[in-house]
Amino acid sequence: MSTPIAIIGTGMAGLSAGQALVEAGLEVRFFEKSRGSGGRMASKRSDVGSLDLGAQYFTARDRRFADAVQQWRDRGWVAPWKPSLYQWSAGGLSPSADEQVRWVGTPRMSAVSRALLGALPVEFSCRITEVFRGDQYWHLQDAEGRSHGPFSHVIIATPAPQAANLLAAAPKLASVAAGVTMEPTWSVALGFEQPLDTPLEGCFVQDSPLDWIARTGSKPGRESRPDSWVLHASNDWTRHNLDLPKEQVIEALHGTFAELIGCVVPSPSFALAHRWLYARPGGPHQWGALADGDRGLYACGDWCSSGRVEGAWLSGQEAARRLVSYLQ
Ligand code: FAD
Ligand code: NAI
């Protein structure tokens, strides 16, 4: 048996890299600090059904990603979402339909990562704290003091601040990752007993504490009762209110939602808040992936690319491509 490749992180970037490596005939093993896969594409099960608290949808502009998404569609993992779209700015609310195809996992966003992971070997609830090299092979240390290995190569597929720590064995890569700032986002879900009296199903918001609004029931395959909504705060508002207690975040964003949505908004029968500390990179980068081919250490993630689901997938492909071409 060959020595496997370790992949830290089961978000879109890590899973994309893993798929490409398996297709190239290599063996991979995933490590994930959470209890499930998906990272920022995760969904949360709740009393009002599954909620997409992170990525809301994704677009496919790169041909390679578009081809992959078509395959996912054929397998029933994703479907197009066609919301009744609006935009809100200081001038008010207005319809804002367009022709853009927007994809979502079905019946929830996390369906994509579950399907991509399939039966590949993974250790969940396993936070890696150190990546170190022995005489010949790589080993990983986790937060509980256990070590894992040996591995021929390691791909670090976490947000940049977490990658910087894990890249200590390759100081140049570590300093590139450490130079990436990532912006936070508060995400709030609200459930209402009676459907709100509005045709709005998705809304881009500007000049407001909010940045985005989505109606869960408008996405394909979701439960529509009771009427549940996901609100994303702007990065600015989140940064200024990073440590606000969740109840106050819910109250503030519910208030903003009620002001701009243009219909009566009662008190929610259900509410939760989730803080994404590393929601998106401060700007796009064009590294594709970071690689130290001689050492066999790689890093990928949306922060190496466009800061979107598509960018994460492309970055994972690029890390795998560099690793495989180094072997040839
Ligand atoms: P992640 O998804 O963050 O995956 C990294 C994984 O590594 C995580 O599962 C994490 O738990 C794990 N991990 C971290 N550290 C360790 C460790 N030490 N040990 C083990 N595991 C570790 N993109 C779009 O295209 N469209 C959208 O509408 C959209 N909306 C968004 C809304 C929000 C609120 C957020 C937060 C993001 C949104 N994005 C959107 C961005 C999109 O979700 C990301 O670009 C993409 O999912 C990033 O994938 P990734 O694999 O690079 O990172
Ligand atoms: P996209 O093309 O739908 O949106 C890109 C941007 O274009 C939007 O943010 C919006 O400002 C504008 N836009 C697009 N269609 C519009 C319309 N019909 N009316 C008014 N404005 C419109 O999708 P893309 O490029 O794939 O971007 C992904 C989305 O994910 C973006 O909305 C981005 O803000 C969001 N995102 C959010 C993060 C967060 O932390 N909240 C993190 C990463 C991405």
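Source: prediction; values computed, not measured. Both backbone and side-chain heavy atoms feed into the values below; hydrogens, waters and symmetry mates do not. Remember, it's 1-based here, ligands and their atoms both numbered in the order they're listed. We count residues from 1, following the sequence as given.
- Ligand 1 lies nowhere less than 4.0 angstrom from a heavy atom belonging to S187.
- Counting only residues at least two apart or in different chains, side-chain hydrogen bond (donor to acceptor under 3.5 Å, both in side chains) contacts with residues 279-288 comprise N235-R280.
- Using a 4.0 Å heavy-atom cutoff, G316 is absent from the residues neighbouring ligand 1.
- Taken to the nearest 0.5 Å, the CD atom of E123 stands 12.5 Å off from the OG1 atom of T10.
- Residues meeting the side chain to side chain donor-acceptor pair (under 3.5 Å) test with R73, sequence neighbours left out: none.
- Contacts of C126 with ligand 1, taken as heavy-atom pairs under 4.0 Å, involve the backbone alone.
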Could you pull out all donor-acceptor pairs under 3.5 Å where a side-chain atom in residues 151-179 meets a protein atom, sequence neighbours excluded?
residue : atom : partner : partner atom : Å
S152    : OG   : T3      : O            : 3.4
T158    : OG1  : A163    : N            : 3.1
S175    : OG   : K172    : O            : 3.2

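- Here OG1 of T238 is found 7.5 Å from CG of L253. Values are rounded to the nearest 0.5 Å.
- Residue contacts with ligand 1, taken as heavy atom pairs separated by less than 4.0 Å, involve Q162 solely via side-chain atoms from C-beta onward.
- Residue contacts with ligand 1, taken as heavy atom pairs separated by less than 4.0 Å, involve T185 solely via side-chain atoms from C-beta onward.
- A salt bridge links R239 with D236: at least one charged nitrogen is closer than 4.0 Å to a carboxylate oxygen.
- Around ligand 2, the residues contributing at least one heavy atom under 4.0 Å from the ligand are Y57, T59, R61, L85, Q87, S96, D98, R102, T185, F204, A279, R280, G307, R308.
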